[in-house]
Chemist: 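Below is the structure I would like to discuss, written out as structure tokens.
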Amino acid sequence: MDFALFAYSFLHKKSQDFLMRLISFKFVPKAVFASPPKDLHLQKSKLKDKYDHFDLIPIKEICKTWDIAYYETDHNSQEIVDIANKDDIGFGVIAGARLLKPHIINSFPKGIINFHPGLIPENRGLNTSKW
């Protein structure tokens, strides 16, 4: 069954690592929906919880190399619903996404899997399991 990956269009370690891990186990998504950056107006953390990564590969380049359809679009856009229906994509997997609205979740017959190791939104970010 075909699936799509939700990721970010900007350099994002979890998106990159998750996509590469899927590919390494021969689970290649039919499409990647990459959301552009947004200012979420979140309170700044009192603790440094970001690492500086120097070896990140843009998701778009990984998709190009593996011939995966790449769409840079907001994760709650009608474009995702249209593509999921047109391309018969059975389910979604989240490697990086903001809160998804019901019409997005309902556009995938088998649903969406979120591999986030903490309660959202209280435990947000890449280093959730560290905290």
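Residue indices begin at 1 and follow the sequence shown. Only heavy atoms go into these numbers, but all of them, side chains included; no hydrogens, no water, no symmetry mates.
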Chemist: Of all heavy-atom pairs between S35 and R98, which one has the smallest distance, and what is that distance?
Modeler: OG-NH1, 3.0 Å
Chemist: Is the shortest side-chain heavy-atom distance between I104 and V81 below 4.5 Å?
Modeler: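 Sidechains of V81 and I104: in contact.
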Chemist: Got a second to check how far L100's CG is from F108's CZ, nearest 0.5 Å?
Modeler: 8.5 Å
Chemist: Which atom pairs, donor and acceptor, lie under 3.5 Å between side-chain atoms of residues 18-26 and protein residues at least two apart or in another chain?
Modeler:
unit_1, atom_1, unit_2, atom_2, d
S24, OG, R21, O, 2.8

Chemist: Under a 4.5 Å side-chain heavy-atom rule over Ile, Leu, Val, Met, Phe, Trp and Tyr, are Y8 and I112 clustered together?
Modeler: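 No, Y8 does not connect to I112 through the hydrophobic network.
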Chemist: Would you give the length of the straight line joining atom NZ of K60 to atom OG1 of T65, rounded to the nearest 0.5 angstrom?
Modeler: 12.5 Å
Chemist: Any idea which heavy atoms bring S9 and P36 closest together, and the distance?
Modeler: OG-CA, 3.1 Å
Chemist: Got a second to check how far F91's CZ is from M1's CE, nearest 0.5 Å?
Modeler: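 That separation rounds to 7.0 Å.
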Chemist: Compare every heavy atom of H75 with every heavy atom of G96, then report the nearest pair and how far apart it is.
Modeler: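 Heavy atoms only, the tightest pair is O-CE1, 3.2 Å.
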Chemist: With sequence neighbours excluded, what pairs up with D74 under the salt bridge (charged side-chain N to carboxylate O under 4.0 Å, His left out) test?
Modeler: K38
Chemist: If you look at every heavy atom in A84 and S107, which pair is closest and at what distance?
Modeler: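 Shortest heavy-atom contact: CB-O, 4.0 Å.
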Chemist: So how far is it from S77 OG to H103 NE2, rounded to the nearest 0.5 Å?
Modeler: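 It comes to 7.0 Å.
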Chemist: Identify, with sequence neighbours excluded, every residue that meets salt bridge (charged side-chain N to carboxylate O under 4.0 Å, His left out) alongside D17.
Modeler: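 Checked D17 against salt bridge (charged side-chain N to carboxylate O under 4.0 Å, His left out); matches are K13.
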Chemist: Any chance you could measure E61, atom CD, to Q16, atom CD, to the nearest 0.5 Å?
Modeler: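 So the CD of E61 and the CD of Q16 are separated by 12.0 Å.
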Chemist: Could you check whether the rings of F10 and H12 sit parallel, tilted or perpendicular, using 30° and 60° as the cut-offs?
Modeler: perpendicular
Chemist: Looking only at the aromatic ring of each residue, does the gap between the centers of F6 and F33 stay below 6.0 angstrom?
Modeler: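 Centroid distance F33-F6: below 6.0 Å, so yes.
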Chemist: Testing the basics here: between I68 and P29, what is the closest heavy-atom pair and its distance to 0.1 Å?
Modeler: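 Shortest heavy-atom contact: CG2-O, 3.4 Å.
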Chemist: Treating Ile, Leu, Val, Met, Phe, Trp and Tyr as nodes and any side-chain heavy-atom pair under 4.5 angstrom as an edge, say whether L5 and I59 lie in one connected cluster.
Modeler: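 Hydrophobic grouping puts L5 with I59.
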Chemist: Looking at CD1 of I89 and NZ of K30, how far apart are the two atoms once the value is rounded to the nearest 0.5 Å?
Modeler: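 Reported to 0.5 Å precision, the distance equals 6.5 Å.
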